[in-house]
Amino acid sequence: QVQLVESGGGLVQPGGSLRLSCAASGRLFSINAMGWYRQSPGNVRELVAGTTSGGSTNYADSVKGRFTLSRDNAKNTVYLQMNSLKPEDTAVYYCNADIVRVGGGYEYNYWGQGTQVTVSS
């Protein structure tokens with residue numbers, strides 16, 4: 001019943017901005033680490049940004065200074081603010097989270113369905 005729902009992707013011109021959202025829904029007890037990955041054709045899936053339950057964040061070198069990850073624990077949602085977008089940012093972006101479900105103490109890993117981000121003039 002637990003799932004990650006992503007939104008906010010789309011087409012934007014170079015230098016523009018987008019904000020991605022990822023909301024966890026279902027019978028969950030707690031969310032630990034959450035993060036965003038991306039994958040473009042011919043490339044491996046790479047970590048873009050991640051955050052812990054305590055709010056610590058880390059970013060890929062290619063997006064530092066341009067992307068900002070934030071977390072709203074009350075809404076079980078993580079956001080990725082993407083500024084100064086470049087054509088090389090074009091990819092499918094995937095949300096990922098470690099979640100403890102109601103009724104157990106085991107941590108499961110979940111993936112969102114992916115949302116397309118295209119940066120082109």
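A donor-acceptor pair under 3.5 Å links the side-chain atoms of R71 to the main chain of T52, judged by distance alone. No side-chain donor-acceptor contact under 3.5 Å links E6 to the backbone of S21.
Annotation: Q1, atom CD; neighbour count of heavy atoms from other residues, nucleotides and ligands within 6.0 Å does not exceed 12.
A distance of 7.5 Å separates CD of Q116 from OG1 of T90, quoted to the nearest 0.5 Å. The OG atom of S121 sits 10.0 Å away from atom CG of L11, with the distance rounded to the nearest 0.5 Å. Taking CZ from R19 and OH from Y79, the interatomic distance works out to 5.5 Å, rounded to the nearest 0.5 Å. With rounding to the nearest 0.5 angstrom, the CD1 atom of I99 is 8.0 Å from the CG atom of N76. For the atom pair CG of L18 and OG1 of T118, the computed distance is 9.5 Å after rounding to the nearest 0.5 Å. Here the straight-line distance linking atom OG1 of T115 with atom CZ of R38 works out to 14.0 Å at 0.5 Å rounding.
A chain of hydrophobic side-chain contacts below 4.5 Å, direct or via other Ile, Leu, Val, Met, Phe, Trp or Tyr residues, connects V63 to L69.
A salt bridge does not link K86 with D89: none of the charged nitrogens is closer than 4.0 Å to a carboxylate oxygen.
Tested against W111 for a ring pair (Phe, Tyr, Trp, His ring centres under 6.0 Å), the candidates W36, Y93, Y37 yield a single pass: Y37.
In the model, N83 has a side-chain atom that pairs as donor or acceptor with a side-chain atom of S17 under 3.5 Å.
Cation-pi geometry between R101 and F29 is not met: the NZ or CZ atom fails to fall both under 6.0 Å from the ring centre and inside 45° of the normal.
Between Y108 and Y110, the ring-plane angle classifies as tilted under the 30° and 60° cut-offs.
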